[in-house]
2 protein chains.
Amino acid sequence: MNGAFKALADPTRRKILQLLAQRDMTAGEIADCFSMAKPSISHHLSTLRAAGLIDDERHGQNILYSLNTTVFQQLMQWFFEISGMESKDSVPEGVNRDEKNE
Amino acid sequence: MNGAFKALADPTRRKILQLLAQRDMTAGEIADCFSMAKPSISHHLSTLRAAGLIDDERHGQNILYSLNTTVFQQLMQWFFEISGMESKDSVPEGVNRDEKNE
DNA sequence: TCAATATTTAGACGATTATCTAACTATCTA
DNA sequence: TAGATAGTTAGATAATCGTCTAAATATTGA
């Protein structure tokens, strides 16, 4: 979770996620959406990948990136719990309801 | 939104939010939950406050901090949209569904 | 008004991060 | 197999971040 939160802290990475929410894209296509050197985008992609937020799959010369929504579900659960919208038994009681997240 | 995402990138700050999700607390009470110098916690609190994630209210010598759930709602909306769970008319179409967030 | 308590502000320092250019690896095609 | 294309890795650098100690501000109560 920590890696995911840190990955989301950068606006370029969030923009990449928004692009991938619309359709899968190759590294080059993603890079073309930014006025930034390709290696910088590549680095952002590897950060997102390490955080579990995206998947990659090689297709010939291209590497196709796609969203991995699994971690997004966990993040949303975290927000629901913070916002006091958790379901009755998902958060029993006590101070350490977060232990597993960090 | 950018400030909120950056504020969430630090584990200490997320822990503070989790504490405040349970009850309002003074700066001192919050600091007592961590093995970190008080000024460091104070700095984290001001970051969270600048991000709109918490509110503060002076009560005599103490300053009472509380969660501000407004920004949390916006963040959750962002996640819903990314995860493709948005409601039909909240996100019309096109590439720039995110324009207002950054 | 003075001392004590609660908290923040200021300034410094080491660690992390975002970006760049240059060089490398992998794949395709002629 | 050589050249072109797609993408990553390496290494450097400037900026940002998290933490600390010391000093300042605000409030209370004697």
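So you know, we letter chains A, B, ... as the sequences are listed, proteins then strands, and number each from 1.
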Q: Has Thr26(A) got a side-chain N or O lying under 4.0 Å from the OP1 or OP2 atom of dG7(D)?
A: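 Looking at the OP1 and OP2 atoms of dG7(D), one of them is under 4.0 Å from a side-chain N or O of Thr26(A).
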Q: For Phe5(A) and Trp78(A), take the angle between the two ring planes, folded into 0 to 90°, and tell me which bin it lands in: parallel under 30, tilted 30 to 60, perpendicular over 60.
A: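 Ring orientation, 0 to 90° scale: perpendicular.
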Q: To the nearest Å, give me how far apart CG (Asp32(B)) and C1' (dA6(C)) are.
A: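 In whole Å, dA6(C) C1' lies 11 Å from Asp32(B) CG.
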Q: Nearest whole Å is fine: how far is dA18(C) C1' from Arg14(A) CZ?
A: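 Distance, rounded to whole Å: 14 Å.
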Q: Return yes if a side-chain donor-acceptor contact under 3.5 Å exists between Gln73(B) and Gln77(B), otherwise no.
A: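 Gln73(B) vs Gln77(B): no donor-acceptor pair found between side chains.
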Q: If a pair satisfies salt bridge (Lys or Arg N to Asp or Glu O under 4.0 Å) and one of its residues is in residues 37-46 of chain B, list it, with sequence neighbours excluded.
A: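 Passing the test, one end in residues 37-46 of chain B: no pairs.
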Q: Relative to each other, are the rings of Phe79(B) and Phe79(A) parallel, tilted or perpendicular (30° and 60° limits)?
A: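 Tilted.
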Q: How long is the line joining CG of Asp10(A) and P of dT17(C), in whole Å?
A: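 Interatomic distance, CG of Asp10(A) to P of dT17(C): 11 Å.
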Q: Distance-only check: which donor-acceptor pairs under 3.5 Å involve side-chain atoms of residues 59-66 of chain A, not counting sequence neighbours?
A:
none

Q: In whole Å, what is the span from the CE atom of Met36(B) to the P atom of dT21(D)?
A: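 To the nearest whole Å, that distance equals 12 Å.
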Q: What pairs meet the side-chain hydrogen bond (donor to acceptor under 3.5 Å, both in side chains) rule with one or both residues in residues 39-50 of chain B, with sequence neighbours excluded?
A: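 Residue pairs passing side-chain hydrogen bond (donor to acceptor under 3.5 Å, both in side chains), neighbours aside: Arg13(B)-His44(B), Arg49(B)-Asp56(B).
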Q: Starting at atom CD1 of Ile30(A), determine the distance to atom C1' of dT8(D), rounded to an integer number of angstrom.
A: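 Taking CD1 of Ile30(A) and C1' of dT8(D), I get 14 Å after rounding.
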Q: Test Leu53(A) against every option in Thr70(A), Leu48(A), Asn68(A), Leu67(A) by the side-chain contact (heavy atoms from CB on, under 4.5 Å) rule and name the one that passes.
A: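 For Leu53(A), the side-chain contact (heavy atoms from CB on, under 4.5 Å) check succeeds only for Leu48(A).
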Q: Whole angstrom is fine here: how far is it from CZ in Arg13(B) over to C1' in dT16(D)?
A: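 Answer to the nearest Å: 12 Å.
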Q: Give me the residues of residues 49-66 of chain A where at least one heavy atom lies under 4.0 Å from an atom of DNA chain C, by number, or none.
A: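 Within this stretch, Arg58(A), Gly60(A), Gln61(A) sit under 4.0 Å of the strand.
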Q: Give me the residues of residues 37-46 of chain A where at least one heavy atom lies under 4.0 Å from an atom of DNA chain C, by number, or none.
A: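 Those residues whose heavy atoms fall under 4.0 Å from DNA chain C, taken from residues 37-46 of chain A in numerical order, are Ala37(A), Pro39(A), Ser40(A), His43(A), His44(A).
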Q: Using every non-hydrogen atom in the two residues, find where Leu45(A) and Ile54(A) come nearest and quote the distance to one decimal.
A: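 So the two residues come closest at O-CD1, 3.5 Å.
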Q: Less than 3.5 Å apart, which donor and acceptor atoms pair up between the side chains of residues 23-32 of chain A and the rest of the protein, not counting sequence neighbours?
A:
from: Thr26(A); atom 1: OG1; to: Glu29(A); atom 2: N; distance (Å): 3.1
from: Glu29(A); atom 1: OE1; to: Thr26(A); atom 2: N; distance (Å): 2.9

Q: Expressed as a whole number of angstroms, how long is the span from Lys6(B):NZ to dT16(C):C1'?
A: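 Going from Lys6(B) (NZ) to dT16(C) (C1'), I get 14 Å.
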